[in-house]
Number of protein chains: 2
Amino acid sequence: MAYRETPRMRARKEATRQRILDITQQLVASGGFGAASVARVAEESGVAIGSVYRHFDSKSDLFAEVFRHATEVEVNRVGEALNTSAPADKALAEALEVFARRAIRSPTMAWALIAEPVGPLVDEERLRYRQAYAELFEQTLIRGMREGCFRPDQNSKLSSAATVGAIAEALVGPLSPAADGLDRDSAEQLIHDVVRLCLQAVRAPGGQQQ
Amino acid sequence: MAYRETPRMRARKEATRQRILDITQQLVASGGFGAASVARVAEESGVAIGSVYRHFDSKSDLFAEVFRHATEVEVNRVGEALNTSAPADKALAEALEVFARRAIRSPTMAWALIAEPVGPLVDEERLRYRQAYAELFEQTLIRGMREGCFRPDQNSKLSSAATVGAIAEALVGPLSPAADGLDRDSAEQLIHDVVRLCLQAVRAPGGQQQ
DNA sequence: GCAAGAACTGAACTCTAGTTCAATTATTCT
DNA sequence: AGAATAATTGAACTAGAGTTCAGTTCTTGC
């Protein structure tokens with residue numbers, strides 16, 4: 001016998017794998033999944049095309065992993081914002097602001113995660129992602145409905161889905177193609193307006209207005 | 001000389017052209033633009049692939065024309081609903097209901113018109129389409145802000161964009177993949193809920209609740 | 001240094017879908 | 001009927017992107 005896998009080699013392989021993941025995420029962030037061809041990923045990662053396939057079974061697998069990681073980060077941030085003892089409407093406002101701020105900062109990534117058609121494997125991950133959001137928002141919506149700050153006769157699943165859609169369309173849709181070209185003040189104004197709009201949509205009739 | 005274009009031939013050509021447009025629209029309605037390959041369009045239209053290219057310069061041109069026609073119909077329906085002397089909030093509710101009902105009846109077409117990535121030519125048309133909606137909704141939003149039924153300190157462009165996004169996500173997004181499989185009652189409930197949500201989002205604080 | 005095995009390479013292969021065009025068929029007018 | 005022209009056809013061409021794999025290079029243990 002001669003060759004054996006050593007810690008050094010394992011670390012090197014792991015580093016290459018991670019580099020491919022990072023490069024792919026960068027490409028997705030700047031141009032969506034459509035901009036991340038295997039050839040481009042390989043070139044920018046400094047490896048041959050074939051090497052990508054030693055680390056990932058297929059482009060779909062690579063995409064699914066990038067998607068999973070990117071969405072985990074997003075969902076965690078929103079989850080942190082919701083995990084508070086503040087009133088439900090304050091918590092939701094904070095979470096929506098986090099969501100909106102991150103979307104406006106990386107509109108292409110937001111679009112890639114929310115809406116870009118990619119393929120079955122990513123669609124599966126996207127379903128999980130949406131469900132994760134839906135569950136987070138829904139939890140707080142339901143809490144607010146109990147606490148009295150949110151309208152009690154609403155469909156919480158519908159409300160959370162519509163909220164995500166409203167933010168996505170307002171911030172990363174074609175009406176705001178220059179979203180990442182906004183100056184800081186306009187961006188803050190936009191975030192403020194859209195969060196207020198979303199909150200008002202679910203708020204109880206008699207509740208306080210901000 | 002011998003051959004000259006006769007009215008009969010012109011009519012036949014026009015009929016074929018129209019048939020291709022109709023078939024393409026049907027294909028888009030059932031599977032999005034992605035399902036409308038030139039080969040499929042040709043086959044279902046009963047012509048050869050090459051013939052499609054005598055009637056349209058390219059697939060993109062064909063798609064742009066189908067898109068233009070389909071969106072004209074949609075925008076006109078919404079425009080009719082808004083063109084009323086009723087209070088602005090009633091007018092908007094009616095228009096949103098029309099929009100939502102049509103979207104839920106043809107979710108794939110709605111998705112194709114609102115969000116499906118197709119190509120630059122269709123994107124151009126889509127921009128016009130969204131602007132047409134934005135202008136329609138905005139007109140009524142502004143009227144309502146004057147009349148006092150809508151919150152006066154809102155960004156009307158943002159509100160109309162967010163409204164379209166909310167409906168799209170709630171009715172045709174992945175959370176409702178079975179939208180066209182809903183029974184009539186569930187569909188009506190969904191439409192009712194989403195319209196109420198959207199209206200409440202833009203309504204003035206003191207305004208009447210439905 | 002050397003043999004065994006793994007990692008790496010990238011040109012070639014495959015697959016899909018839009019487009020073209022030489023050959024065929026159809027229509028019109030004399 | 002026949003000539004002129006247009007319409008139609010669909011196999012072949014093209015282009016782009018994912019995938020493969022035989023050959024090369026690198027790593028390891030003796």
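Here is how names work: the chains are called A, B, and so on, in the same order as the sequence lines, proteins then strands, and each is numbered from 1. None of these values were measured; they are calculated from a predicted model. Basis for what follows: all heavy atoms, side chains included, without hydrogens, waters or symmetry-related copies.
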Measure from CG on B:L62 to C1' on C:dA17 and round the result to the nearest Å. 15 Å
Look at A:T6 and D:dT28 and indicate whether a side-chain polar atom (N or O) is within less than 4.0 Å of OP1 or OP2. yes
Integer-rounded Å distance: C:dA7 P and A:H55 NE2: 9 Å
With a 6.0 Å cut-off (strictly less than), is the heavy-atom count around CD of A:E44, excluding the residue itself, greater than 12? yes
Pairing donors with acceptors under 3.5 angstrom, does anything connect the side chains of A:D193 and A:Q189? yes
Exactly one candidate in A:R105, A:R126, A:R102 meets salt bridge (charged side-chain N to carboxylate O under 4.0 Å, His left out) with A:E74; the answer is A:R102
I need the residues from residues 7-19 of chain B with at least one non-hydrogen atom less than 4.0 Å from DNA chain C; give them sorted by number, or say none. B:R8, B:M9, B:R12
Is the number of heavy atoms from other residues, nucleotides or ligands within 6.0 Å of CD (A:E97) greater than 12? yes
Could you check whether B:R40 pairs with B:E43 (Lys NZ or Arg NE/NH1/NH2 to Asp/Glu carboxylate O, under 4.0 Å)? no
Protein heavy-atom contacts under 4.0 Å, written 5' to 3' over nucleotides 19-24 of chain D as B (base), S (sugar-phosphate only) or - (none), form the string BB----
Assess, by modelled atom type and distance only, whether the side chains of A:D22 and A:Q26 contain a donor and an acceptor separated by less than 3.5 Å. no
What's the CZ-P distance between B:R4 and C:dA26, to the nearest Å? 23 Å
Interatomic distance, CZ@B:R196 vs CG@A:N155, rounded to 0.5 Å, equals 9.5 Å
Look at atom CZ of B:R184 and say whether more than 12 heavy atoms of other residues, nucleotides or ligands are closer to it than 6.0 Å. no
